[in-house]
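Report on one structure; see the data block that follows.
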Amino acid sequence: MIIFGIYNIKGGVGKTATAVNLSYLSSLEGNRTLLWDLDPQGSSSFYYQREQGNDSNLKKIITGKVELNDIITITDYRNLNIIPSDLSYRHMDTVLDQVKKSKKRLRDVLKELKG
């Protein structure tokens with residue numbers, strides 16, 4: 001499993017367009033591809049015509065009350081799925097700060113997608 005993260009604190013630099021295009025091109029190559037839209041504005045979700053989640057998913061994901069497999073949705077493109085954005089992602093830094101061993105928890109959350 002290969003994980004790409006696209007991040008920049010400045011707005012308007014093409015993060016969403018890059019993520020959407022890379023995910024689409026990856027799926028065209030036949031790779032099973034998952035785009036996790038961590039931007040609370042949900043532009044990647046909008047590109048793929050998916051509704052944003054509810055306002056409590058992040059804490060549930062980090063604490064293990066919700067599995068990523070349960071919130072993955074299909075797109076109109078073969079091999080391409082998305083975890084839609086959620087408004088709770090705007091508090092990601094504080095939620096991760098409150099959880100013990102947050103890096104390990106994120107790693108464990110992503111491990112369930114392996115294979």
Side-chain angles (χ1 to χ4, degrees):
M1 176 168 66
I2 298 172
I3 300 172
F4 286 98
I6 300 163
Y7 176 84
N8 192 318
I9 206 159
K10 184 175 180 335
V13 295
K15 299 177 296 284
T16 298
T18 300
V20 167
N21 285 311
L22 283 176
S23 63
Y24 175 69
L25 290 172
S26 174
S27 70
L28 278 182
E29 290 291 319
N31 301 308
R32 289 178 44 206
T33 305
L34 174 66
L35 173 62
W36 188 357
D37 187 0
L38 292 171
D39 183 355
Q41 292 180 13
S43 297
S44 293
S45 300
F46 176 79
Y47 272 106
Y48 288 121
Q49 300 173 344
R50 294 296 170 257
E51 295 285 326
Q52 285 191 310
N54 62 37
D55 199 31
S56 61
N57 274 341
L58 177 62
K59 202 169 227 176
K60 289 179 182 178
I61 292 167
I62 298 301
T63 58
K65 293 178 182 172
V66 169
E67 293 186 15
L68 289 183
N69 285 320
D70 295 337
I71 57 175
I72 293 173
T73 61
I74 61 170
T75 67
D76 295 334
Y77 303 98
R78 187 176 175 182
N79 296 319
L80 179 56
N81 295 326
I82 186 169
I83 297 175
S85 177
D86 186 282
L87 287 175
S88 67
Y89 296 161
R90 69 186 184 276
H91 302 296
M92 183 172 270
D93 56 342
T94 55
V95 170
L96 290 175
D97 192 43
Q98 293 169 358
V99 177
K100 292 181 182 178
K101 299 182 181 179
S102 59
K103 287 182 186 177
K104 182 183 182 315
R105 287 198 188 217
L106 276 177
R107 194 176 314 119
D108 291 345
V109 165
L110 291 171
K111 272 185 188 176
E112 76 181 58
L113 299 176
K114 233 176 186 177

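Every value quoted in this text rests on a predicted model; they were computed, and no experiment measured them.
The two residues E112 and N69 come nearest to each other via the heavy atoms OE2-N, 3.4 Å. The two atoms that bring S44 and L35 nearest to each other are CB-CD2, 3.8 Å, heavy atoms only. The minimum heavy-atom distance between S45 and P84, with the atom names listed, is OG-CA, 3.3 Å. The nearest pair of heavy atoms linking S27 to N79 is O-ND2, 3.5 Å.
Partners of Y47 by side chain to side chain donor-acceptor pair (under 3.5 Å), not counting sequence neighbours: none found. By the side chain to side chain donor-acceptor pair (under 3.5 Å) test, N21 is found to be paired with no residue, residues two or more places apart in sequence or in another chain being considered.
Taking OH from Y89 and CG from D37, the interatomic distance works out to 8.0 Å, rounded to the nearest 0.5 Å. Expressed to the nearest 0.5 Å, how far CD1 of I74 lies from CG of N81 amounts to 7.0 Å. Interatomic distance, CG of L113 versus CG of L68, reported as 5.0 Å (0.5 Å rounding). Distance CG/N31 to CG/L80: 11.0 Å, rounded to 0.5 Å. For the atom pair D39 CG and Q41 CD, the distance stands at 5.0 Å (nearest 0.5 Å). Interatomic distance, OG1 of T73 versus OH of Y48, reported as 11.5 Å (0.5 Å rounding).
Checking S26 against T33 by side-chain atom types alone, a donor-acceptor pair falls below 3.5 Å.
Hydrophobic clustering (ILVMFWY, side-chain heavy atoms < 4.5 Å, transitive): F4 and L34 are in distinct clusters. One hydrophobic cluster, built from ILVMFWY side chains closer than 4.5 Å, cannot hold both L38 and L22; they sit in different ones. Residues V20 and F46 do not share a hydrophobic cluster, clusters being chains of Ile/Leu/Val/Met/Phe/Trp/Tyr side chains in contact below 4.5 Å. Follow the hydrophobic side-chain contacts under 4.5 Å out from I72 and you reach I62 in the same cluster. No continuous path of hydrophobic side-chain contacts links I6 to I82 [ILVMFWY only; heavy atoms under 4.5 Å].
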- [ ] Apply the test side chain to side chain contact (heavy atoms under 4.5 Å, CB included) to residues L110 and W36: give CA-CA distance (whole Å), side-chain angles for both, the deciding distance (0.1 Å), then the verdict.
- [x] CA-CA 11 Å; L110 291 171; W36 188 357; 3.8 Å; yes
- [ ] Show your working on side chain to side chain contact (heavy atoms under 4.5 Å, CB included) between H91 and K59 and close with a plain yes or no.
- [x] CA-CA 9 Å; H91 302 296; K59 202 169 227 176; over 6 Å; no
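In this structure the side chain of R50 reaches within 4.5 angstrom of the side chain of D76, judged on heavy atoms.
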